[in-house]
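Below is one structure; the comments refer to it alone.
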Amino acid sequence: MCRVFHPRAGGGAGLRVALVIVSVLAAGGAAAWACVVDVEGGDSFNSINDALATLDKEVRNRLNISGTCTEAVVIDGFSELVVWAAPGAGIVRPVPGSGEPEQAALTIKGSRVSVEGLTIEGPGLYGYSPALVIVSRSSLLFGGCTIRDSAPATGLDAQDHSDVQIIGTTVADNGTGIAAGTSAHVQISNFWGDLNTIENNGSGISASRDALVEVGLAIIRNNTQGAVGASNGAAVNLGSWGWGQVTITGNGLGDPNDPKYPNNPLPAVQASDGGIIWVIQPTAIVDNYGTGVGALSNGRVYVCCGASPEDTPITGNGGWGFDAWMGGGIYFWGPALVEGNLRGGVSVDSSEAYLCPAVLIFGNGDSSDPDSFGGLAVGTNARVQSSATVIDNHGPGVFISTGATADFGPDAVISGNRGYGVELEAASTAMFMDGATVNDNRGFDLVCSSGSVAGAPQGMHPVIGKKKCPTWTQLRGYPAWLEYLNEP
């Protein structure tokens, strides 16, 4: 019994669209037997393109395919086309002849397409080669498919307001696994409860130019250049409002062939140049080579919606758990567990961050690494507002660099860290609200360098243990909390 698809409308106003359903009854790669395409009620062909050329695009048609079809298939402007495939059926990108241009294995234009179980493969000759699958001004559903071996080119490229759903599909061994741009919408979802796997690519998911990518029930692993990136006004939702667990692991090893920075670890998840990433429970970003989550150049990361910190673990990464720099922003509106990241828990440099009370920054840093920063590092000219719990980190609980400002809310707890609790460099400022607690840290709980300012608003009395802070003072006014600013 076959599943029935109901793809959502999309792909450009006024287009006559096509429905293509490709079904495979068993998993497996493209088998090496002849391509056979049967038109229901009609003839048989040895090419998908030859079969398509015989069809009236204005009526419903059905194709049955089997075997390996080595060709550049183009689906353009059909109103309803149903294609059923035998087990192991696939499309392989053809190798171009001398002087001929390289083509995609499957191009979908101005159509509505649904594909189940098909394997699409074939390497690109160059990094700028066409993607294996190109979707333009179309609506596409991939279910139980495999898109692989296009490296160094892209696996699937969705552009021009296309609407793509991916269900139970594997995208592997491509230059970039999935690329979305020019206002495309890509859903990687759990309609059937089947896991999506994006692995062993250069980059896993890349969204740009106002695209939206929503990810649920997926494992994104072992992508050398990082798992997920959003830039140029694009947005990526990880966890997508209860669609299922998203696990991001083993990413960001770096390029072993880079002549300047071989195997330089890269962030697993990164928002840059106006991109936005939502980290929504249940999402786990764990055991990646570099930083777990990064934001720079007006990129924004929002963490929200879990019931407890364990619902959103950012743990065991080789760099920071979270790192904002060069004008990035990180906003924790919900619980998160930031634990066991080797460089430190959260770093904010020339950027801003808001951490709500449900954030636990625990056990970060490396006692054997002199560059380890412990829990929370507030870098030069950064602005941070934190009500988080920062405990038992290897190094200072909070380090505030020159020109930075940190405000600690009434639920902030900084305790049991292996360095000072809060340490201020010159020309930095820290404000502690009623209920903030800094105690039981190694050495002093609060250390102020000459020229720094630390204190509490007038009439407030935070709990501060051992102080080495001759500049402690009563401060005027209250901060405007970032919780309510910079909403996407």
Side-chain angles (χ1 to χ4, degrees), residues 309 330-336 338 344-348 352-365 373-379 381-485:
I330 298 175
Y331 308 94
F332 291 83
W333 290 353
V338 185
V346 177
S347 172
V348 186
E352 66 181 23
Y354 168 78
L355 292 81
C356 75
V359 176
L360 175 58
I361 302 174
F362 169 76
N364 297 281
F373 272 91
L376 170 61
V378 185
N381 299 322
R383 182 186 182 196
V384 171
Q385 293 173 339
S386 175
S387 294
T389 296
V390 183
I391 58 175
D392 295 333
N393 295 283
H394 300 281
V398 180
F399 185 86
I400 306 173
S401 297
T402 300
T405 299
D407 303 317
F408 297 94
D411 296 293
V413 175
I414 303 165
S415 183
N417 297 286
R418 315 295 169 80
Y420 297 142
V422 177
E423 182 177 356
L424 285 79
E425 284 192 330
S428 61
T429 302
M431 177 184 287
F432 299 85
M433 310 293 283
D434 247 349
T437 300
V438 186
N439 62 9
D440 296 330
N441 298 282
R442 180 174 294 177
F444 290 94
D445 295 300
L446 177 62
V447 174
C448 304
S449 298
S450 176
S452 64
V453 176
Q458 193 166 7
M460 291 193 175
H461 304 282
V463 177
I464 309 290
K466 295 179 290 182
K467 291 198 292 280
K468 185 179 179 183
C469 190
T471 58
W472 177 267
T473 186
Q474 294 291 314
L475 302 173
R476 293 183 178 181
Y478 301 91
W481 286 91
L482 289 171
E483 179 181 11
Y484 306 108
L485 303 179

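The structure presented is a predicted model; accordingly, all values stated were derived computationally and were not measured.
- A donor-acceptor pair is defined here as one N or O able to donate and one able to accept, closer than 3.5 Å; such a pair exists between the side chain of Asn441 and the backbone of Gly416.
- Atom CD of Gln385 sits about 5.0 Å away from atom CG of Asp407, to the nearest 0.5 Å.
- Between Tyr331 and Tyr354, the gap from one ring centroid to the other reaches at least 6.0 Å.
- Summarising the geometry of Ala426 relative to Ser449, their closest heavy-atom pair is N-CB, 3.7 Å, with the distance given to 0.1 Å.
- Heavy atoms only, all atoms of each residue included: Leu475 and Ala430 are closest at CD1-O, 4.0 Å.
- Between Ala436 and Gly409, the shortest heavy-atom distance links the atoms CB-O, 3.4 Å.
- Considering Leu376, Val438, Leu446, Thr389 in turn, Val438 is the only one that fulfils the side chain to side chain contact (heavy atoms under 4.5 Å, CB included) rule with Ile414.
- Between the side chain of Asp445 and the main chain of Asp440, a donor-acceptor pair closer than 3.5 Å is present.
- In terms of modelled atom types and a separation under 3.5 Å, the side chain of Glu425 and the main chain of Ser401 share no donor-acceptor contact.
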Practice item. Test His461 against Asp434 for side-chain contact (heavy atoms from CB on, under 4.5 Å), laying out the working first. Key: CA-CA 5 Å; His461 304 282; Asp434 247 349; 4.1 Å; yes

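- No hydrogens or angles considered: a donor-acceptor pair under 3.5 Å links the side chains of Asn393 and Asn417.
- The main-chain N or O of Phe408 is never found under 3.5 Å from a side-chain atom of Ser386 such that the two would form a donor-acceptor pair.
- Looking at Glu423 and Phe444, their side chains never come closer than 4.5 Å, going by heavy atoms from C-beta outward.
- A donor-acceptor pair under 3.5 Å is absent between the side-chain atoms of Ser415 and the main chain of Ile391, judged by distance alone.
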Exercise for review: Would you check, one step at a time, whether the test side-chain contact (heavy atoms from CB on, under 4.5 Å) holds for Val338 with Asn364?
Suggested key: CA-CA 8 Å; Val338 185; Asn364 297 281; 4.1 Å; yes

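- Between Gly375 and Ile361, the shortest heavy-atom distance links the atoms O-CG2, 3.6 Å.
- Taken from CD1 in Ile400 to OG in Ser428, the straight-line distance is 5.5 Å, to the nearest 0.5 Å.
- Between the CD atom of Glu352 and the CG atom of Asn381 there is a distance of 13.0 Å, given to the nearest 0.5 Å.
- Of all heavy-atom pairs between Ala456 and Trp472, the closest is N-CZ2, 3.9 Å.
- For the pair Arg418 and Asp392, the tightest heavy-atom approach, listed with the atom from each and the gap, is NH2-O, 4.3 Å.
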